[in-house]
Amino acid sequence: MPPAGDQREVVIHRAERLRQLPPYLFVEIDRRKREALKRGIDLVDPGIGDPDLPTPPEIVERLRDEALRPENHRYPSAGAVEAFSREAARWFGRRFGVDVDPGADVLPLIGTKEGLGHLPLAFVDPGDVVLVPDPAYPVYRAATLLAGGVPRDLPLVEERGFLPDLEQVDEDTWRGARVVFLNYPNNPTAAVADEGFYGAVVQKAAEYNVIVVNDAAYSEITFDGYSSPSLLQVDGAMDVGLEFHSFSKTYNMCGWRVGFAVGNERLISGLAALKANLDSHPFGAVLGAATRALQMGDDHIGRTLAVYRERRDILVGGLRGLGWDVHPPRGSFYLWVRTPEGMDSVRFATDLIERAGVVVAPGAGFGAAGEGYVRMSLTCETERVRLAVERLREAGLGNPGGRRAARAEEHHARGGEPGGPAG
Ligand SMILES: *Cc1c(COP(=O)(O)O)cnc(C)c1O
C-alpha cells in the first residue's frame, strides 16, 4: 500500500466528442424546482413529456408471459425480430397505405432515441454537414456532434408554421449535407407537416443525395380529426427516407425502450450494420409485447387521445381566459407558448415556478430559436392541469405586453372573462 502522502486524484480524460456537447439548458429550472420543493411548494410538474398514463394491460400481460419463456432469456432470436418486423410492416401498411418489406425495410430499435442517436455514426463522416431543426429534440444535434458532423441550423419560425425554409439553405450546404432531420408532429412546437412539405424535402434531398430522417414519435398523438401523414407516403421518399416510430407516446411505453425504423433498404442495412457492433436488439420479451401493441385496434389510442384532448382544452381555454395567446395543437401533447414581451424563456419559466408552482420547459433549452417561448406539456393528471390554470389565475400571471395584452384588452372590451393580464 502506498503511503498516504502519495495519494492523488486519478485523472479521467473526457473525450473531446463528449466535452463538445451543448450544456444541459434545463439546469437552472431544475435548480429552481428543487428549491421550490424544499420550501414545501406543491409543483404541478408534467415532467419532460413522459406520459403519466399507464401502458395498456394487454401489453403488460404479454410481457409477463414472454418473460416466463426461457427462449427470451437468451439473446433475442431471429424469430422474435422477424415476428416484430412483420407486425410493424403490417401496422405501417394499414396506417399509411405504404407497402414495406419487413425483412429489408424495417429495423427494431431500443427506443427511437437509440436509433436516431446512432444514425449519424452510420452515415456521417467527420466534417459532413447535417441539417438540424432549431428548436428541436436535442438528440439530432448531439448525435451529429458525436459523429464529428457539423450541425447546420434549420430555424423553425411561427410565420412559416414551424416548417424549415428549404430555400434558405444555400446550394453549397445542400451539396455538403448528408442528413436532414425532421420531426413532425413536432416537439417542442407542436407543429404538423403535410405531404406537400415532405414532397419538397424529398425532391431537394434526392437532387443532392441527402438522407431524410423523420422522427415520427408523435404520429398517433393528433386531434380534431387530423391524421399525420408519413414521410414515406410521398413519391421518391423510399429512395432517400427513413422514418422513426416509437411506442413511448402511442402506447405509454417510455420505460420499455422499443421502437423501429422503416424506410429505404440501404439505409436500414447501414444502420443495422452499425448496430450489430453495439447491441443485440431489444429484449425478446419486450419485442413480443411490442408486437402485441401493434395488433391493438384504435380503441386504446382513442382513449388516450380523449384524455389529452380534455387536458388540452382545459389548458388552452384557461390560458385564453387569462389573456394568453395560445393555440390548441393538432399534434403532440405540447403547447408552445410565447413568453411575455421582453422576457426570456428561463426567466418566464422561473416566474411560473416561483409564483404559481407550475413547471414548464424554457424554449431556449431546445435551441437558440426556441428563445421567446416555453413548452407546456399535457402529461399530468387532468385535475392538476385544472389546478395549474387556477394557480396562474390566482398569481395574476397573465401574459403582459405586446400584442397579447392588446388582444386580451379587446377580449375584455367585448365583455370577456375577468382575470386578464396583470403581473
Ligand atoms: C419522446 C420522443 C421520442 C421517443 O423516443 P423513444 O426513444 O422511442 O422513447 C423521440 N423523439 C421525440 C421528438 C420525442 O419527443
Side-chain angles (χ1 to χ4, degrees), residues 25-26 46-55 59 84 88 91-92 106-120 132-144 154 156 162-164 179-193 212-222 228 230-231 242-263 271 275 278-279 281-283 286-287 289-291 293-294 301 304 308 329 331-336 360-361 363 365-367 369-370 373 375-380:
L25 275 159
F26 302 121
I48 55 165
D50 185 353
D52 59 303
L53 300 170
T55 307
I59 302 173
F84 171 85
W91 176 85
F92 194 79
V106 177
L107 180 68
L109 301 169
I110 309 173
T112 51
K113 184 178 190 179
E114 176 268 306
L116 292 161
H118 282 140
L119 179 117
V132 177
D134 173 16
Y137 185 58
V139 175
Y140 319 132
R141 175 173 303 270
T144 298
L154 291 175
L156 307 184
F162 300 108
L163 297 171
V179 178
V180 52
F181 280 107
L182 303 173
N183 165 221
Y184 294 99
N186 186 258
N187 174 12
T189 68
V192 296
V212 184
V213 171
N214 188 41
D215 176 355
Y218 297 92
S219 69
E220 308 314 299
I221 310 297
T222 56
S228 172
S230 166
L231 165 72
L242 212 49
E243 191 159 79
F244 286 74
H245 285 270
S246 173
F247 292 76
S248 296
K249 315 294 157 59
T250 310
Y251 302 102
N252 307 318
M253 289 172 70
C254 284
W256 297 53
R257 312 312 308 132
V258 61
F260 64 92
V262 53
L271 185 54
K275 274 166 57 60
L278 297 170
D279 67 64
H281 298 299
F283 178 26
V286 166
L287 280 176
T291 304
L294 291 166
I301 187 70
T304 301
Y308 290 138
S332 86
F333 42 52
Y334 303 113
L335 260 61
W336 188 236
V360 301
F366 301 96
Y373 293 87
R375 191 193 71 180
M376 302 183 88
S377 170
L378 303 175
T379 50
C380 64

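This one's a predicted model, so the numbers in the text were calculated from it and none came from an experiment. Note that the numbering runs from 1 along the sequence shown for the chain. We count ligands from 1, going down the list as the structure has it; atoms in each ligand are counted the same way.
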May I ask you to identify, for Tyr218, whether its side chain, its backbone, both or neither come under 4.0 Å of ligand 1 on a heavy-atom basis?
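For Tyr218, the contact with ligand 1 is made by the side chain alone.
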
Review point. Can you tell which part of Asn183 has a heavy atom less than 4.0 Å from ligand 1: side chain, backbone, both or neither?
Key: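 Side chain only; the backbone of Asn183 stays clear of ligand 1.
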
Notebook entry, point to check: Among Phe162, Phe26, Tyr334, which one satisfies ring pair (Phe, Tyr, Trp, His ring centres under 6.0 Å) with Phe366?
Noted result: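 Between Phe366 and the candidates, ring pair (Phe, Tyr, Trp, His ring centres under 6.0 Å) is satisfied uniquely by Phe26.
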
- Item | Shortest protein contact, atom 8 (O) of ligand 1 (heavy atom only) |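 Going atom by atom, the protein heavy atom closest to atom 8 (O) of ligand 1 ends up being Ser246 OG, 2.7 Å.
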
Residue [X] vicinity, atoms of ligand 1 by number, heavy atom under 4.0 Å:
X      : value
Asp215 : 10 (C), 11 (N), 12 (C), 13 (C)
Ser248 : 6 (P), 8 (O), 9 (O)
Gly111 : 7 (O), 8 (O)
Thr112 : 3 (C), 4 (C), 5 (O), 6 (P), 7 (O), 8 (O), 10 (C)

Can you name the closest pair of heavy atoms from Met253 and Val258 and give their distance?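 Between these two residues, the closest heavy atoms are CE-CG1, 4.2 Å.
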
Notebook entry, point to check: For the residue pair His245 and Thr112, what are the closest heavy atoms and their distance?
Noted result: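 For His245 and Thr112, the tightest heavy-atom pair comes out as O-CG2, 3.0 Å.
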
- Out of Lys113, Met253, Lys249, His245, who gets a non-hydrogen atom closest to atom 2 (C) of ligand 1?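 The nearest heavy atom belongs to Lys249.
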
Decide if atom NZ of Lys275 counts as having more than 12 heavy atoms of other residues, nucleotides or ligands within a radius under 6.0 Å.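 Count over threshold, so yes.
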
Check whether any heavy atom of [X] sits under 4.0 Å from an atom of ligand 1.
X      : result
Arg257 : yes
Tyr140 : yes
Phe247 : no

Among Cys380, Cys254, Ser377, whose side-chain contact (heavy atoms from CB on, under 4.5 Å) with Asp50 holds?
->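 Among Cys380, Cys254, Ser377, the one meeting side-chain contact (heavy atoms from CB on, under 4.5 Å) with Asp50 is Cys254.
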
| Which one of Leu278, Leu109, Ile110 satisfies the side-chain contact (heavy atoms from CB on, under 4.5 Å) criterion with His118? |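 For His118, the side-chain contact (heavy atoms from CB on, under 4.5 Å) check succeeds only for Leu278.
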
| said: Quick one, Phe181 with Tyr137, criterion ring pair (Phe, Tyr, Trp, His ring centres under 6.0 Å). Give me CA distance, side-chain angles, the key distance, then yes/no. | reply: CA-CA 10 Å; Phe181 280 107; Tyr137 185 58; over 10 Å; no

- Can any side-chain N or O of Thr379 pair as donor or acceptor with the backbone N or O of Pro46 at less than 3.5 Å?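 Side chain of Thr379 to backbone of Pro46: a pair is present.
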
